[in-house]
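Below: the structure, in structure tokens.
Keep in mind that the numbers below use all heavy atoms, side chains included, and drop hydrogens, waters and symmetry copies. Not measured: the values here are computed from a predicted model.
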Amino acid sequence: DTSVTGVQTCALPIWDTFLNQLTYDELCTVVEFGGYSTVNIDSVGKAKSNDADGPNNLSSSHCWCSEDIIASTWNVELANREGALMGDIAMLLDTDGWYGPGMDIHRSPFSGRNNEYYAQDGILAGYMAVAVISGANSKGIITYAKHCFMNDQETNRGNLFTWCDEQAIRENNSKAFQMAFQEGQSASAMTGYGRLAGLSNTNNYNLSTVLYQDQWGVEAYFVTDGYIGWVSRTDPDMMVRAGNQMRSEERRVGKECRSR
């Protein structure tokens with residue numbers, strides 16, 4: 001069926017039938033352990049996938065020049081070739097997903113991740129990201145557009161508070177992500193740990209559901225950024241209800257599921 005926003009949605013009875021095949025613990029495991037992989041679920045025949053970081057390389061196998069250098073060429077054909085080569089390398093390394101490309105804007109020259117982002121301009125960043133994503137997609141590699149969005153600093157990024165008006169967000173700060181989903185067909189994304197107007201991106205219903213799904217028509221799945229203390233910043237129950245599907249934590253033997 002189609003909602004009033006024009007977004008195509010899945011048939012709920014079919015989705016319910018599928019979900020009812022999974023136990024509660026299996027669902028928790030999917031949510032809890034999305035770091036560098038997605039877990040296997042034998043009951044429904046889902047195999048484990050392998051994912052790798054980051055925008056300028058793939059598990060330190062090599063290193064491209066930084067994204068701002070790539071964007072300065074204004075050469076989408078070259079960017080597309082980079083994405084295709086990244087796909088080739090991923091297949092050689094038995095990797096299914098790539099934590100990249102990065103596409104926040106250079107909102108501040110002091111951001112510690114600007115080498116992983118294309119430009120100050122969201123449109124230029126979007127064109128480059130679409131080209132790279134399309135190249136990787138052509139090899140069957142899942143891209144994680146990141147970090148959604150306004151990840152303006154690296155140090156203490158889990159406690160970042162950002163204030164911005166809606167017009168600037170729509171026209172520039174989020175534009176590359178919108179293009180990545182709608183034009184590049186990125187199948188997944190990584191959510192930044194910052195807060196917009198005090199509300200965590202990972203638990204923000206207005207972002208994950210209203211903007212991404214209802215307004216942009218996104219059907220991608222989202223995993224959180226990692227390494228900074230998940231529970232203290234992202235309550236898994238609130239995260240899933242908001243529309244963010246997975247936390248970036250690696251699964252370890254004996255690790256208990258906490259989504260209860």
Using only atom types and a distance under 3.5 Å, with no angle test, would you say the side chain of [X] pairs donor to acceptor with the backbone of [Y]?
| X | Y | value |
| --- | --- | --- |
| S59 | A52 | no |
| E67 | G102 | yes |
| T143 | I133 | no |
| D96 | I142 | no |
| S37 | V39 | no |
| Q213 | S208 | yes |
| N114 | S108 | yes |
| N20 | D16 | yes |
| T209 | N206 | no |
| Q182 | W216 | yes |

Exercise for review: Give the ring-plane orientation class for H62 versus W64, where under 30° counts as parallel, over 60° as perpendicular and anything between as tilted.
Suggested key: perpendicular
[Y] and [X], any side-chain heavy atoms less than 4.5 Å apart:
| X | Y | value |
| --- | --- | --- |
| N56 | E116 | yes |
| Y36 | N50 | no |
| S61 | L93 | yes |
| H106 | D68 | yes |
| R247 | M239 | yes |
| K146 | P55 | yes |
| L207 | C148 | no |
| M128 | V76 | yes |

Can you tell me if [X] and [Y] form a side-chain donor-acceptor pair at under 3.5 Å?
| X | Y | value |
| --- | --- | --- |
| N201 | N204 | no |
| T38 | K46 | yes |
| D104 | Y117 | yes |
| E154 | S111 | no |
| Q215 | R170 | yes |

Grab the two heavy atoms, one from [X] and one from [Y], that are nearest each other, plus how far apart they are.
| X | Y | result |
| --- | --- | --- |
| D121 | I123 | OD2-N, 3.1 Å |
| L124 | A119 | CD2-CB, 3.8 Å |
| S43 | L22 | OG-CD2, 3.9 Å |
| V132 | E82 | CG2-OE1, 3.6 Å |
| A220 | Q245 | O-NE2, 4.2 Å |

**Study point:** Stepwise salt bridge (charged side-chain N to carboxylate O under 4.0 Å, His left out) check, R157 with D225
**Key:** CA-CA 10 Å; R157 70 182 187 272; D225 200 356; 2.9 Å; yes
Answer yes if [X] and [Y] sit in the same cluster of Ile, Leu, Val, Met, Phe, Trp and Tyr residues linked by side chain heavy atoms under 4.5 Å apart, and no otherwise.
| X | Y | result |
| --- | --- | --- |
| Y193 | L160 | no |
| I70 | W98 | yes |
| L27 | W15 | yes |
| I105 | Y144 | no |
| F18 | I41 | yes |

Review point. Would V31 and M246 satisfy side chain to side chain contact (heavy atoms under 4.5 Å, CB included), going step by step from the backbone distance to the final call?
Key: CA-CA 4 Å; V31 172; M246 296 190 301; 5.7 Å; no
Check your understanding: Please, which pairs that meet ring-ring contact (aromatic ring centres under 6.0 Å, His included) have at least one residue in residues 151-188, sequence neighbours excluded?
Key ->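 Those involving residues 151-188 are F181-F222.
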From [atom1] ([X]) to [atom2] ([Y]), nearest 0.5 Å:
| X | Y | atom1 | atom2 | answer |
| --- | --- | --- | --- | --- |
| N151 | R107 | CG | CZ | 11.5 Å |
| N244 | S200 | CG | OG | 8.5 Å |
| M150 | C164 | CE | SG | 4.0 Å |
| I89 | N57 | CD1 | CG | 9.5 Å |
| K175 | Y127 | NZ | OH | 10.0 Å |
| S138 | N80 | OG | CG | 6.5 Å |

Point to revise | Verdict with supporting geometry, E77 and R81, salt bridge (charged side-chain N to carboxylate O under 4.0 Å, His left out) | key: CA-CA 6 Å; E77 291 82 8; R81 290 174 60 191; over 6 Å; no
**Study point:** Connected hydrophobic set around V210, excluding itself, where side chains approach under 4.5 Å
**Key:**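 Noted: V210 shares its cluster with Y205.
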Review point. Under the side chain to side chain contact (heavy atoms under 4.5 Å, CB included) criterion, do K139 and M86 qualify, and how do the steps go?
Key: CA-CA 9 Å; K139 303 302 176 80; M86 189 69 83; over 6 Å; no
Check your understanding: More than 12 foreign heavy atoms under 6.0 Å from CD of Q120: is that the case here?
Key -> no
Review point. Does CD belonging to Q21 count more than 12 external heavy atoms closer than 6.0 Å?
Key: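 Counting other residues, nucleotides and ligands, CD of Q21 exceeds 12 neighbours.
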